[in-house]
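Note that the coordinates shown come from a computational prediction; the quantities given were computed from them, not determined experimentally. A, B, ... follow the sequence lines: proteins, then strands. Residue 1 opens every chain.
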Amino acid sequence: GTFGEYGGQYVPEALMPALQELEDAYERYVLDNEDGFMDEFRERMRDFGGRPTPLQRADRLSERYGREIYLKREDLLHGGAHKLNNALGQVLLAKYMGKERIIAETGAGQHGTATAMAAAHLEMPCEIYMGRTDINRQRPNVYRMRMNGAEVNPVTAGSGTLKEAINETMRDWATTVERTHYVIGSVVGPHPFPKLVREFQSVIGAEARKQVREQAGRLPDSVVACAGGGSNTMGSFHEFVPDESVALYAVEAGGSSLEIDTESGVAPNSATLSTGTDGVLHGAMTKLLQSREGQIVESHSVSAGLDYAGVGPELSHLVDTGRVTPANVDDDDALNGFHRLSELEGIIPALESSHALGYLEEYHDDLGDLVVVTVSGRGDKDLETVLEETEKRDLEAAPDVEVFDR
Amino acid sequence: GTFGEYGGQYVPEALMPALQELEDAYERYVLDNEDGFMDEFRERMRDFGGRPTPLQRADRLSERYGREIYLKREDLLHGGAHKLNNALGQVLLAKYMGKERIIAETGAGQHGTATAMAAAHLEMPCEIYMGRTDINRQRPNVYRMRMNGAEVNPVTAGSGTLKEAINETMRDWATTVERTHYVIGSVVGPHPFPKLVREFQSVIGAEARKQVREQAGRLPDSVVACAGGGSNTMGSFHEFVPDESVALYAVEAGGSSLEIDTESGVAPNSATLSTGTDGVLHGAMTKLLQSREGQIVESHSVSAGLDYAGVGPELSHLVDTGRVTPANVDDDDALNGFHRLSELEGIIPALESSHALGYLEEYHDDLGDLVVVTVSGRGDKDLETVLEETEKRDLEAAPDVEVFDR
Amino acid sequence: MTPEPTAPAFDSDVEAAIRENHPALITYITAGDPSLEDTKAYVEALDRGGSDLIELGLPFSEPIAEGPTIQGAINRALEAGTTPAGFFDLIDDLETDAPLLVMTYYNMILQFGNSEAPCASNSNSEAPRASNSDAASLRNEPTVGPFVERAAEAGLSGIIVPDLPAEEADPLRTACDEHGIDLVFIVAPTTEGERLDRIMSQVSGFAYVQARLGTTGARANVSTATHESLSRLSDYDVPKAVGFGVSEGDHAAEIIEAGADGVIVGSALVDIIADHGAGGAPAADALESKVRELKRGAVRGGDATTDEEQPEPEHP
Amino acid sequence: MTPEPTAPAFDSDVEAAIRENHPALITYITAGDPSLEDTKAYVEALDRGGSDLIELGLPFSEPIAEGPTIQGAINRALEAGTTPAGFFDLIDDLETDAPLLVMTYYNMILQFGNSEAPCASNSNSEAPRASNSDAASLRNEPTVGPFVERAAEAGLSGIIVPDLPAEEADPLRTACDEHGIDLVFIVAPTTEGERLDRIMSQVSGFAYVQARLGTTGARANVSTATHESLSRLSDYDVPKAVGFGVSEGDHAAEIIEAGADGVIVGSALVDIIADHGAGGAPAADALESKVRELKRGAVRGGDATTDEEQPEPEHP
């Protein structure tokens with residue numbers, strides 16, 4: 001249950017039997033394909049989810065950076081982000097385990113919408129916990145969950161964002177654990193979640209690895225992926241980890257500054273891998289944004305989906321062992337990355353993914369001749385945020401949108 | 001240039017040479033694959049667009065209707081609708097033709113966004129004409145076009161919707177025709193557009209035909225697709241037209257009523273195939289919603305993307321000859337179709353596509369044992385409209401969204 | 001309206017009006033802008049001012065060939081309730097020296113038979129509720145005959161259809177021939193080679209030479225496309241009149257000097273009507289004096305062509 | 001605080017407090033709610049009212065095992081600036097008959113060494129700016145030793161960690177043993193079989209029997225899960241105290257009667273503190289009298305168990 005010193009199962013006793021049950025199910029259904037679980041999962045991801053997603057050569061970025069840039073297009077997955085890989089896998093697993101109800105937390109709403117659509121598809125009752133603040137700033141995603149028949153439970157505690165939603169979902173789970181499965185949305189949480197989620201998400205890298213060899217004739221020199229909790233990162237990297245020639249870059253949200261204000265308990269970033277310290281949060285030992293006393297601080301990023309004070313334990317381990325290079329890109333560079341891909345390639349990326357693109361702009365010289373960048377999701381959900389945040393700044397890559405004045 | 005009595009080239013003389021040039025290009029590049037045009041088109045549709053899209057068995061709809069229901073998932077195409085098939089094809093064709101600039105009209109914004117992303121992808125300057133009313137009610141799509149670097153030109157004439165945008169785009173084209181290509185968004189307009197657009201869109205039916213034979217072992221008994229201008233319809237039907245055993249249903253927007261108020265020049269529907277009369281609009285002889293005197297009336301549908309007073313001439317012909325059955329579904333039934341697919345299958349369909357799903361609900365008994373329904377696009381763009389319109393009604397299938405009250 | 005009895009040398013009133021009044025001034029306004037009653041007064045003013053031919057626009061809801069000025073006029077006319085029936089009543093009522101032409105879009109011509117046909121006795125508010133099967137049986141085949149017949153009956157001398165290229169014109173060409181009405185074709189800057197030959201062979205009355213690419217509308221100068229087009233057309237014997245963008249006497253002079261037989265002015269006149277709003281006499285006077293200026297310009301251009309000794313008029 | 005000198009029969013103060021005061025009442029409040037000063041007064045009131053053991057919560061920002069009541073208390077404590085250092089200062093300062101335990105989350109224990117370590121002299125506002133390479137060298141390995149050492153020094157008798165299951169408890173178990181402090185484990189309704197055996201073999205002080213699934217919080221009745229858990233545990237010799245949802249004397253009576261050695265009450269007391277707001281005496285009095293009621297209930301339940309002739313107390 002650990003990755004070096006990271007991982008583990010730091011949860012209330014009441015949940016331990018459920019984690020054991022889940023570990024058992026993970027081994028039987030996921031690893032051993034019992035009852036054809038993985039066959040059904042792959043078939044549904046193909047027909048319902050739209051896999052495989054393309055690996056696209058980005059012609060204009062390749063020209064701009066003087067090297068071959070390929071984009072792994074998870075934005076084309078049903079729901080608009082890589083999140084469905086995990087959500088569908090876990091909801092299906094819950095079904096195989098005989099669970100009758102699904103709960104999940106969501107921050108920006110991407111995992112919540114993915115879970116809601118997977119639950120609708122598989123006819124599982126579903127409740128999503130979401131912070132009050134997030135509900136109010138991510139209305140379209142709330143609508144989508146409701147349209148898919150999921151309940152959305154507002155969480156008013158604390159700042160009303162992802163961290164509090166996770167806490168509340170754990171509380172629900174501690175109450176209803178016998179018949180309920182908690183679909184954790186990233187490679188975080190207690191064992192076996194980090195492995196389970198990584199397993200479902202590793203299809204990203206597995207496809208990309210095959211595709212890049214077919215299309216470019218060889219393995220890439222580097223793979224770049226954005227990292228919040230790390231499911232897109234681990235999903236993109238996992239199959240490449242044994243390929244020692246492939247450099248792996250996990251790009252976190254640098255926010256507005258890498259400094260933490262421990263007085264107010266706020267980190268204006270979520271660069272956990274770069275700046276975090278070891279501790280226990282949400283069931284696992286991992287790197288965290290915390291005060292010296294051990295209180296978890298509020299992280300911040302222009303991208304709500306990266307806005308989390310923890311990170312997957314496996315990713316912490318891969319960083320400590322030097323296999324993965326942590327990096328971070330601040331809000332401004334991420335916004336420029338958003339505008340650049342939209343304008344040059346006709347792909348509007350999620351703000352999460354825009355961090356990977358911001359890194360590409362700054363450090364392409366270090367990435368070798370053949371680079372794979374994962375576009376973890378599409379940016380339609382981020383349009384309002386991008387407009388607001390762009391307006392506050394003087395960004396080189398931004399178009400004006402003065403079409404509305406009568 | 002005609003389909004029976006429909007079609008033709010009713011345009012200002014200034015445009016005729018451009019249409020001849022386009023016809024020539026259509027024959028050389030599209031039909032004869034000169035310079036590998038179609039190969040490049042297909043490759044880009046795969047890598048950039050995400051083709052093939054899945055054909056998915058809809059388990060819960062199949063159960064509900066007691067027959068096999070398959071969904072052709074055009075909602076998974078890049079941009080979120082089938083529109084990219086045509087937009088990318090035409091922008092690429094314009095490039096092969098040596099044009100330097102792209103213009104297009106858009107109503108709901110779907111064709112505009114598809115054209116803008118294709119133009120960005122292929123590095124073509126792009127201007128989109130859009131009615132002032134549509135601009136104000138489809139802001140996210142306007143943002144998307146601007147993000148992709150396209151100019152958006154507001155059209156203030158008339159009611160400020162699609163019809164006026166087409167008129168204005170034609171005027172631009174008449175001015176700049178020598179170096180500009182007009183990317184018409186549906187199987188409408190003067191020859192060769194109806195054939196050209198149908199050719200690019202026919203990939204929908206070609207894939208679906210192959211997939212349904214692989215997955216269900218035979219051809220379907222019927223294919224159901226929504227029809228506005230008809231590009232999704234013709235795209236879905238074209239490859240099935242020679243299969244006489246396959247019934248083809250084109251489902252139009254019945255709006256709030258099939259009656260036309262000619263006094264006010266308003267049709268509260270856009271059921272052109274069912275209720276229209278023959279005439280000439282936007283370059284072609286086809287079925288139209290018009291007054292006895294020949295004035296085009298304002299159509300209406302809850303789905304902005306179906307809201308057009310004309311329809312493709314080939315579709316008019318296929319209806320007249322009995323090969324395609326026209327049908328219509330009113331606003332209420334379309335909204336219920338939207339909610340039903342969202343809740344039962346975890347797919348939020350475009351309001352356009354929801355008309356096909358509404359038809360399925362009402363008439364599934366007539367459709368045989370194996371039915372293919374095209375989900376032409378995703379419904380994220382329609383969330384606000386659906387909420388507003390649902391609130392006005394007392395709809396069986398609608399969830400409440402009371403999560404926002406503090 | 002009855003054509004003047006003084007035009008025996010040509011079978012076409014329209015061609016006669018151009019040839020005999022060379023260099024000719026052709027004027028356009030939209031019927032029903034702002035009302036059919038006003039239009040009557042305005043047409044008479046155009047006639048008094050010296051128009052040699054007058055085009056009257058029958059408004060259509062989708063005027064794809066017009067710029068903003070004439071679009072505005074068409075919208076005003078439609079809002080005023082202008083119908084084909086009212087239009088023809090106006091024509092019946094008009095008496096002018098200049099022959100009259102109708103300019104309208106093809107669908108208006110096609111549907112006229114429809115609205116005049118017996119089934120029009122179905123009240124307008126009873127729209128097709130028809131399910132698919134009935135729809136086909138109710139469908140009227142649109143035809144051009146009734147419109148042309150009624151135009152001839154009203155004394156119109158010609159028809160111009162901006163969205164009807166020569167390739168689609170056979171039915172209307174035939175109907176016009178049957179009723180002795182001219183069908184005027186537009187020649188665009190992009191019209192060349194074989195297509196130009198074919199169009200020029202079908203033209204009757206005159207060739208409407210489009211001065212530049214784009215839509216109708218007053219412009220500040222004469223485009224080089226005009227000169228190119230006229231030189232491309234110089235071998236054809238048909239009268240050539242230039243429109244799109246002509247707004248001043250000096251334009252008219254330059255165009256005639258470049259070899260045209262006439263100039264066509266529309267938007268500049270529609271602007272005058274729009275500026276005066278509803279209700280008449282001042283607008284009529286302004287129209288009349290604008291027409292005089294334009295005709296003077298045309299004549300000046302004509303003098304320059306015929307009298308080689310004259311100094312060149314200023315070019316822009 | 002120094003433990004009472006009157007408990008020689010057990011090596012564990014905690015076990016002694018339960019066995020000797022059987023049936024025992026264990027009370028919980030959050031330190032720093034609404035201030036550490038108030039907490040001092042409240043703890044003294046709990047002690048006066050007859051608590052046999054007192055748990056003090058050291059607030060952590062992510063209290064995943066708590067219901068809304070204790071979450072609220074924790075938030076108030078954090079807003080009041082409660083730190084581990086302040087918490088231990090309070091403990092140092094307290095003198096109570098009842099032994100004291102700390103209840104906190106594992107990360108608070110892990111990081112204590114960190115904040116006490118010499119590198120804490122780096123000012124807090126100087127956060128890690130570190131690029132990746134520096135980050136690793138700056139990283140402190142979190143350890144449990146310093147916390148346990150400080151707890152022992154302050155005279156705390158035990159530690160309860162709601163997010164530390166037996167599987168992860170080895171380091172803390174070892175440290176507690178070294179410093180002679182009890183580590184109390186929670187037994188949940190879902191804890192069964194081999195895991196139950198393992199946990200019961202590691203328990204020291206008492207087994208914290210979770211009355212029902214879910215989070216802390218006052219409930220209106222005693223769950224059937226409580227009865228099931230107690231009967232499942234009846235073969236184990238360790239003292240068993242039941243918490244989660246106990247709010248009234250009658251609950252206490254029922255639970256003791258069902259075989260528990262003690263009851264644990266938290267949210268019902270926190271509610272009293274919350275109702276009184278900041279600043280103390282009335283709240284302290286209310287706490288004291290609530291504790292008396294609860295203790296009476298427990299004793300009543302105990303009497304029912306030992307004295308078979310007693311009539312059954314009412315069950316809900």
Aromatic plane relationship, B:Tyr249 with B:Tyr359 - under 30° parallel, 30 to 60° tilted, over 60° perpendicular
tilted
If one checks every heavy atom of C:Glu66 against chain B at 4.5 Å, the contacting part turns out to be backbone
Max heavy-atom pairs within cutoff under 4.5 Å with chain B, candidates C:Phe185, C:Tyr105, C:Phe60, goes to C:Phe60
| query | So, B:Arg171 and B:Glu168, do they make that salt bridge, N to O below 4.0 Å? | reply | yes
Whatever's closer than 4.5 Å to a heavy atom in chain B on C:Glu62 counts as both
Under 4.5 Å to a heavy atom of chain B? For C:Tyr106 that would be side chain
Counting heavy-atom pairs under 4.5 angstrom with chain C, the leader among B:Met285, B:Gln20, B:Met16, B:Met170 is B:Met16
Cut-off 4.5 Å, heavy atoms of chain B, and the answer for C:Pro68 is neither
- Message: A cation-pi test, strictly: NZ or CZ of B:Lys99 under 6.0 Å from the centre of the six-membered ring of B:Tyr182 and no more than 45 degrees from its axis. Yes or no?
- Response: no
Turns out that what part of C:Pro162 lies under 4.5 Å from chain B's heavy atoms comes down to backbone
| field | Donor + acceptor pair across side chains of C:Ser229, C:Thr226 (<3.5 Å) | value | no
When the 4.5 angstrom heavy-atom criterion is applied to C:Leu164 and chain B, the contacting part is both
If one checks every heavy atom of B:Ile166 against chain C at 4.5 Å, the contacting part turns out to be neither
Self-check item: Ion pair check, B:Glu13 and C:Arg195, cut-off under 4.0 Å
Solution: yes
Heavy-atom nearest pair, B:Ala271 first then B:Glu252, reads C-OE1, 3.0 Å
* **Whether C:Asn107 side chain and B:Val280 backbone form a donor-acceptor pair below 3.5 Å** => yes
The interface call for C:Ile109 against chain B, heavy-atom contacts under 4.5 Å, is neither
